[in-house]
Amino acid sequence: MIISIIIIFSIASVGIIKYLNNPLNQFINNIRNDNITKLGDNYNSITKYNDRKKANKYFQKYISDIIYLYIDNINNYEETKEIINRFEKINGLSTFIKDASKNLEDVKLSKEAFDTATKFELENNVLDAMIEYKKVTTIDSKNYEYAQKFISTNMNSLKEKTLNDIDSLVLSNDYISAKELITKLIEIFSNDQNIMKKSEEILNKAKEQEIKKYKNEQEIEVVSASIAIQSDKYKSLYPDMMVAIIKNNSNKTIKNYTVSILAYDINNYPLKIKESFSFSDAKYEFIGIGENENILPGATSKDNKGWKLDENHNISKIVAIVKSADYYDGTSWENPYYQYWIEMYKEKQLQ
């Protein structure tokens, strides 16, 4: 009897030891016990094909469950990211971690879109709510069903209402506002050929209005641009300069600004610009920087400051535009007219 018990105990002990020493079981137990340091060795010691498949499946399920805790609002984004990042340096698991990190970011963006959409919905802004709800993805299962229900309920009525609003704006010759609406509508109905066709005329008309509007409403404008000759004989010592005089049309004091300059030869064809003593390649567009300029509201910049040119520049004339500026109150300005201006003038003959 005693011998039988001893034999049974010995067999059981061997089985337990064999189970504990199994690389797959060690891998799973270390994940369960949050023993990250040994996982790499555990995983790489799993040599049997079926065991490696089981390890991969278990780890993928484990990581997936971690993400679902975030989806269900049990853990927050930072906690979830921290847990996933614990495994990023473990050999053999990098592909799974990369996929999990992408899924986590997708869920984060989806959740943010859902939160933004609900705010728009509460404000009865169906158009912007629809755009955000369409960003909610299937992996974000907690929010996806609601988002899809909102989309299906409001899709047709939203399309009809927005098209009517666009027609009203067109009739009032407000193509800029019509462009804003139809651009949003395209985000929702990207495959609707009628909307795409309608947008072509609106976008072209809006561009014409924007060019005129943004040109006339520049907070800071270039009032003159010219080549200043410092010396006829000693160009290497006193290089010619590009001078752009700007005027501050805002009610703020300019601290810094950037200006875009294009150059032309005597026949009004574009030239590349190269600064004096510069080792950089010449470019068709030169960006000049003015720092600590202290230009008061209504005032203009000094006419004795500019950007020095290479001795053999051959430039006859320049045109310029203020691209951006920083004010002393901490705000900044980006010139909306710049994108149209550069499109009209860069690398083209000056008319």
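Worth saying up front: this structure is predicted, and the values here are computed from it rather than measured. Just so you know, residue 1 is the first one in the sequence shown, and it goes up from there.
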- Indicate yes or no: at least one non-hydrogen side-chain atom of K159 is less than 4.5 angstrom from one of N156. no
- Query: Would you call K207 and E343 a salt bridge, using N to O less than 4.0 angstrom?
  - Reply: yes
- CG (L163) and CZ (F189) are apart, to the nearest 0.5 Å, by 8.0 Å
- For I202 and I166, run side-chain contact (heavy atoms from CB on, under 4.5 Å): C-alpha distance rounded to whole Å, both residues' side-chain angles, the deciding distance at 0.1 Å, then the answer. CA-CA 9 Å; I202 291 173; I166 290 169; 3.5 Å; yes
- Query: Counting only N and O atoms by type, is there a donor-acceptor contact under 3.5 Å from the side chain of Q218 to the main-chain atoms of K215?
  - Reply: yes
- Whether S199 side chain and M196 backbone form a donor-acceptor pair below 3.5 Å: yes
- Does the pair D167 and K198 meet the rule for a salt bridge (Lys or Arg N to Asp or Glu O under 4.0 Å), with working shown? CA-CA 10 Å; D167 289 338; K198 189 182 188 72; 2.7 Å; yes
- Result of checking D115, T116, T118 against E132 for side-chain contact (heavy atoms from CB on, under 4.5 Å): T116
- Task: Taking the side chain as every heavy atom from C-beta outward, state whether I188 and M155 have any atom pair closer than 4.5 Å.
- Result: yes
- Query: Just checking, is any N or O donor in the side chain of E293 or N256 under 3.5 Å from an acceptor N or O on the other one?
  - Reply: no
- Item | Distance, nearest 0.5 Å, that separates NZ of K302 from OG1 of T300 | 11.0 Å
- Query: V322 and I246: which non-hydrogen atoms are nearest, and at how many Å?
  - Reply: CG2-CG2, 3.6 Å
- Those residues at least two apart in sequence (or on a different chain) that pass ring pair (Phe, Tyr, Trp, His ring centres under 6.0 Å) with Y62 are F87
- Ring centroid separation for F114 and Y133, is it under 6.0 angstrom? yes
- Can you check whether S101 reaches I84 side chain to side chain, under 4.5 Å on heavy atoms? yes
- Query: Between E275 and L309, is there a donor-acceptor pair closer than 3.5 Å when you use the side chain of the first and the backbone of the second?
  - Reply: no
- Message: Is there a side-chain contact between Y70 and K111 in this structure, where contact means two heavy atoms from C-beta onward sitting under 4.5 Å apart?
- Response: yes
- What distance do L158 atom CG and I131 atom CD1 have between them, rounded to the nearest 0.5 Å? 8.5 Å
- Out of curiosity, does Y214 fall in the hydrophobic cluster containing L203 (side-chain heavy atoms, cut-off under 4.5 Å, transitive links)? no
- Message: We want to know whether D128 and N125 form a side-chain donor-acceptor pair, criterion being a heavy-atom distance below 3.5 angstrom.
- Response: yes
- Start with the C-alpha distance between M241 and Q230, add both sets of side-chain angles, then the distance that settles side-chain contact (heavy atoms from CB on, under 4.5 Å), and finish with yes or no. CA-CA 8 Å; M241 293 196 307; Q230 299 191 93; 3.7 Å; yes
- Counting distance only, does the side-chain N/O of S64 pair as donor-acceptor with the main-chain N or O of Q60 below 3.5 Å? no
- Query: Quick one: do the N173 and K205 side chains pair a donor with an acceptor below 3.5 Å?
  - Reply: no
- Query: What do the steps show when you test Y327 against E219 for side chain to side chain donor-acceptor pair (under 3.5 Å), and what is the final call?
  - Reply: CA-CA 11 Å; Y327 296 112; E219 289 187 14; 2.5 Å; yes
- Item | Sequence-distant partners of Y257, ring pair (Phe, Tyr, Trp, His ring centres under 6.0 Å), two or more places apart | none
- Item | Short N-O contact, D174 and K179, less than 4.0 angstrom | no
- Minimal non-hydrogen separation, L262 against Y284, with atom names: CD2-O, 3.3 Å
- Item | Neighbour count >12 (heavy atoms, 6.0 Å) for atom CG, N124 | no
- Evaluate whether atom OH of Y328 has more than 12 neighbouring non-hydrogen atoms of other residues, nucleotides or ligands under 6.0 angstrom away. yes
- Message: Taking Y337's backbone N and O only, do any of them form a donor-acceptor pair with N335's side chain (distance below 3.5 Å, no angle check)?
- Response: yes
- Going only through I, L, V, M, F, W and Y residues with side-chain contacts under 4.5 Å, is there a path from I273 to V319? no
- Message: Go through it in stages, so that I can follow the logic: the residues are N249 and K247, the test is side-chain contact (heavy atoms from CB on, under 4.5 Å), and I'd like the CA-CA distance, side-chain angles, deciding distance and then a yes or no.
- Response: CA-CA 6 Å; N249 296 322; K247 182 181 179 183; 3.6 Å; yes
- Task: Check the pair L93, F59 against side-chain contact (heavy atoms from CB on, under 4.5 Å), reporting the backbone distance first and the verdict last.
- Result: CA-CA 9 Å; L93 300 178; F59 185 73; 4.0 Å; yes
- Would you kindly say whether K317 and N268 are connected by a side-chain donor-acceptor distance under 3.5 Å? yes
- Note on the structure: Rounding to 0.5 Å, atoms NZ (K61) and CD1 (I66) come to a distance of 10.5 Å
- Message: How close do N76 and T80 get, counting heavy atoms only, and between which atoms?
- Response: O-OG1, 2.8 Å
- Message: I'd like to know if D326 pairs up with K255 as an ion pair, taking the criterion as any Lys NZ or Arg NE/NH1/NH2 lying under 4.0 Å from an Asp or Glu carboxylate oxygen.
- Response: no
- If you measure from the Lys or Arg side-chain nitrogens to the Asp or Glu carboxylate oxygens, is any gap between K81 and E105 under 4.0 Å? yes
- Task: Could you tell me whether K308 and D240 have a side-chain N and a carboxylate O separated by less than 4.0 Å?
- Result: no
- Message: Tell me the closest heavy-atom pair linking A100 and I63, and the distance in Å.
- Response: CB-CG2, 3.1 Å
- Backbone N or O of N312 within a donor-acceptor pair of the D310 side chain at under 3.5 Å? yes
- State plainly whether one hydrophobic cluster holds both I67 and I97, where clusters connect Ile, Leu, Val, Met, Phe, Trp and Tyr through side-chain heavy atoms under 4.5 angstrom apart. yes
- Validation row: W341, S260 side chains within 4.5 angstrom (heavy atoms): yes
- Sort and list the pairs that fulfil ring pair (Phe, Tyr, Trp, His ring centres under 6.0 Å) and have at least one residue in residues 23-50, not counting sequence neighbours. F27-Y43
- Message: Take a 6.0 Å sphere around CG of D72 and say whether it holds more than 12 heavy atoms from other residues, nucleotides or ligands.
- Response: yes
- Note on the structure: Interatomic distance, CG@N314 vs NZ@K272, rounded to 0.5 Å, equals 14.5 Å
- Without swapping roles, check the side chain of S110 against the backbone of D106 for a donor-acceptor pair under 3.5 Å. no
- Message: Please tell me whether I227 and V222 are part of a single hydrophobic cluster in this structure, the criterion being side-chain heavy atoms less than 4.5 Å apart.
- Response: yes
- If you take all heavy atoms of A325 and I220, which pair is closest and at what distance? CB-CD1, 3.2 Å
- Query: Looking at S250 and P297, what are the two nearest heavy atoms and their distance?
  - Reply: O-CB, 3.3 Å
- Using atom types as modelled and distance alone, determine if a side-chain donor or acceptor of N248 lies under 3.5 Å from a backbone N or O of I295. yes
- Supply the atom-to-atom distance N22 CG to D51 CG, rounded to the nearest 0.5 angstrom. 6.0 Å
- Query: Taking the side chain as C-beta and beyond, is there a heavy-atom pair between W307 and I261 under 4.5 Å?
  - Reply: yes
- Task: Report yes if some heavy atom in the side chain of N294 is under 4.5 Å from a heavy atom in the side chain of I254; otherwise report no.
- Result: no
- Task: Give a yes-or-no answer on whether the side chains of Y77 and E112 include a donor-acceptor pair shorter than 3.5 Å.
- Result: no
- Query: Do the non-hydrogen side-chain atoms of D140 and I71 ever get within less than 4.5 Å of each other?
  - Reply: yes
- Do I151 and L185 sit in the same hydrophobic cluster, where Ile, Leu, Val, Met, Phe, Trp and Tyr count as joined when their side-chain heavy atoms come under 4.5 Å apart? yes
- Enclosure of K184 NZ (heavy-atom neighbours >12, cutoff 6.0 Å): yes
